[in-house]
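In what follows, a single structure is set out as structure tokens and then discussed.
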Amino acid sequence: MATYTLPELPYDYAALAPVISPEIIELHHDKHHAAYVKGANDTLEQLAEARDKDQWGSINGLEKNLAFHLSGHILHSIYWHNMTGDGGGEPLDKDGLGELADAIAESFGSFAKFKAQLTKASATTQGSGWGVLAYEPVSGRLIVEQIYDHQGNVGQGSVPILVFDAWEHAFYLQYKNQKVDFIEAMWQVVNWQDVAKRYTSAKQRANTLLLAP
């Protein structure tokens with residue numbers, strides 16, 4: 001049996017319109033995300049074959065493929081839940097999001113400064129990649145990461161809690177080459193309740209992620 005499976009969307013294809021069109025959601029989830037799931041499973045099978053035959057000529061490529069496809073699968077699984085048609089705005093105490101709001105203010109100075117940094121990081125990622133808000137367990141703070149492809153340029157141990165997909169397949173059918181416009185629009189569908197749950201979970205797991213301070 002396959003180790004990884006494509007998760008179902010938590011909403012229908014039209015739920016994020018007009019920010020993201022139903023056509024993009026369908027293609028992005030059913031084709032692109034599915035390809036990463038298949039790629040991860042295929043690579044695991046190829047690694048098992050290499051172990052059985054004790055043949056390691058392709059080990060570098062296989063390990064790189066596993067990191068690429070598995071990270072793509074994980075980031076997309078977060079991405080779908082990070083969005084909602086009822087989202088947007090910013091995390092506020094009155095909505096039960098005070099802990100996340102305080103963490104953002106402490107780590108970045110203000111929500112506006114955080115929003116500017118994540119927007120720029122997402123929109124200026126060279127080639128294909130992501131802009132990510134992550135919990136960094138060594139400092140106990142939130143950081144913004146600019147991820148190349150799916151796995152490059154990442155701080156080890158950091159836990160992604162909000163991800164902006166800046167690959168062309170995430171926006172090109174609707175926004176053409178205007179990546180900045182897509183990233184700006186993304187703020188209208190951020191599911192802060194989901195981000196807050198991920199932040200709480202990441203903090204609770206922090207002590208198990210590291211062997212030393």
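Each residue takes its place number in the sequence, starting with 1.
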Note, [X] side chain near [Y] side chain (heavy atom, < 4.5 Å):
X	Y	value
Leu173	Glu23	yes
Asn153	Ile147	no
His33	Trp80	yes
Met83	Ile20	yes
Val159	Arg198	no
Phe171	Asp181	no
Ser201	Tyr135	no
Val195	Leu100	yes

Given side-chain hydrogen bond (donor to acceptor under 3.5 Å, both in side chains), test Gln146 with Thr124 step by step and report yes or no.
-> CA-CA 9 Å; Gln146 192 178 53; Thr124 61; 3.2 Å; yes
Do Ile78 and Ile143 belong to the same hydrophobic cluster, where Ile, Leu, Val, Met, Phe, Trp and Tyr are linked whenever their side-chain heavy atoms lie under 4.5 Å apart, directly or via other members?
-> no
So, taking the atom named [atom1] in [X] and the one named [atom2] in [Y], what distance separates them when rounded to the nearest 0.5 Å?
X	Y	atom1	atom2	answer
Leu16	Met186	CG	CE	8.5 Å
Gln178	Tyr172	CD	OH	9.5 Å
Phe108	Leu142	CZ	CG	5.5 Å
Thr3	Glu45	OG1	CD	8.5 Å
Gln151	Leu70	CD	CG	9.5 Å
Leu6	Ser77	CG	OG	7.5 Å

Would you check if the side chain of [X] reaches a backbone N or O of [Y] as a donor-acceptor pair within less than 3.5 Å?
X	Y	result
Gln174	Ser21	yes
Lys179	Thr125	yes
Glu168	Lys176	no
Asp95	Leu97	no
Asp149	Gly129	no
Arg141	Glu106	yes
Asp54	Ala50	no
Ser58	Gly61	no
Trp192	Gly87	no

Given Ile59 and Leu47, is the side chain to side chain contact (heavy atoms under 4.5 Å, CB included) satisfied, shown in steps?
-> CA-CA 8 Å; Ile59 185 64; Leu47 284 165; 3.9 Å; yes
Quick check: closest heavy atoms across [X] and [Y], and the distance to 0.1 Å?
X	Y	result
Val132	Pro160	CG1-CB, 3.7 Å
Pro91	Phe111	CD-CE1, 3.6 Å
Ile183	Ser122	CD1-CB, 3.8 Å

Mind running side chain to side chain contact (heavy atoms under 4.5 Å, CB included) on Lys38 and Tyr4 for me, showing each step along the way?
-> CA-CA 8 Å; Lys38 183 178 185 303; Tyr4 302 106; over 6 Å; no
Apply the test side-chain hydrogen bond (donor to acceptor under 3.5 Å, both in side chains) to residues Ser158 and Glu145: give CA-CA distance (whole Å), side-chain angles for both, the deciding distance (0.1 Å), then the verdict.
-> CA-CA 9 Å; Ser158 62; Glu145 295 181 320; 2.9 Å; yes
Only one of Tyr148, Phe164, Tyr79 clears ring-ring contact (aromatic ring centres under 6.0 Å, His included) with Trp130; which?
-> Tyr79
In His73, His76, His29, the residue satisfying ring-ring contact (aromatic ring centres under 6.0 Å, His included) with Tyr36 is His76
So His169 and Leu27, side chain to side chain contact (heavy atoms under 4.5 Å, CB included) or not? Walk me through it.
-> CA-CA 8 Å; His169 64 240; Leu27 288 172; over 6 Å; no
Scan Val144, Asn191, Asn82 and name whichever one has a side chain to side chain contact (heavy atoms under 4.5 Å, CB included) with Leu162.
-> Asn82
Leu118 and Trp187: CA distance, side-chain angles, deciding distance, side chain to side chain contact (heavy atoms under 4.5 Å, CB included) verdict = CA-CA 10 Å; Leu118 182 55; Trp187 291 102; 3.8 Å; yes
Can His28 and Asp165 be said to form a side-chain hydrogen bond (donor to acceptor under 3.5 Å, both in side chains), step by step?
-> CA-CA 11 Å; His28 196 167; Asp165 191 344; 2.9 Å; yes
Under-4.0 Å salt bridge between Lys203 and Glu99 =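 Yes.
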Could you go through the side-chain hydrogen bond (donor to acceptor under 3.5 Å, both in side chains) check for Tyr199 and Asp194 one step at a time?
-> CA-CA 9 Å; Tyr199 172 61; Asp194 181 69; over 6 Å; no
Does the pair His150 and Trp167 meet the rule for a ring-ring contact (aromatic ring centres under 6.0 Å, His included), with working shown?
-> CA-CA 10 Å; His150 295 314; Trp167 283 63; 4.7 Å; yes
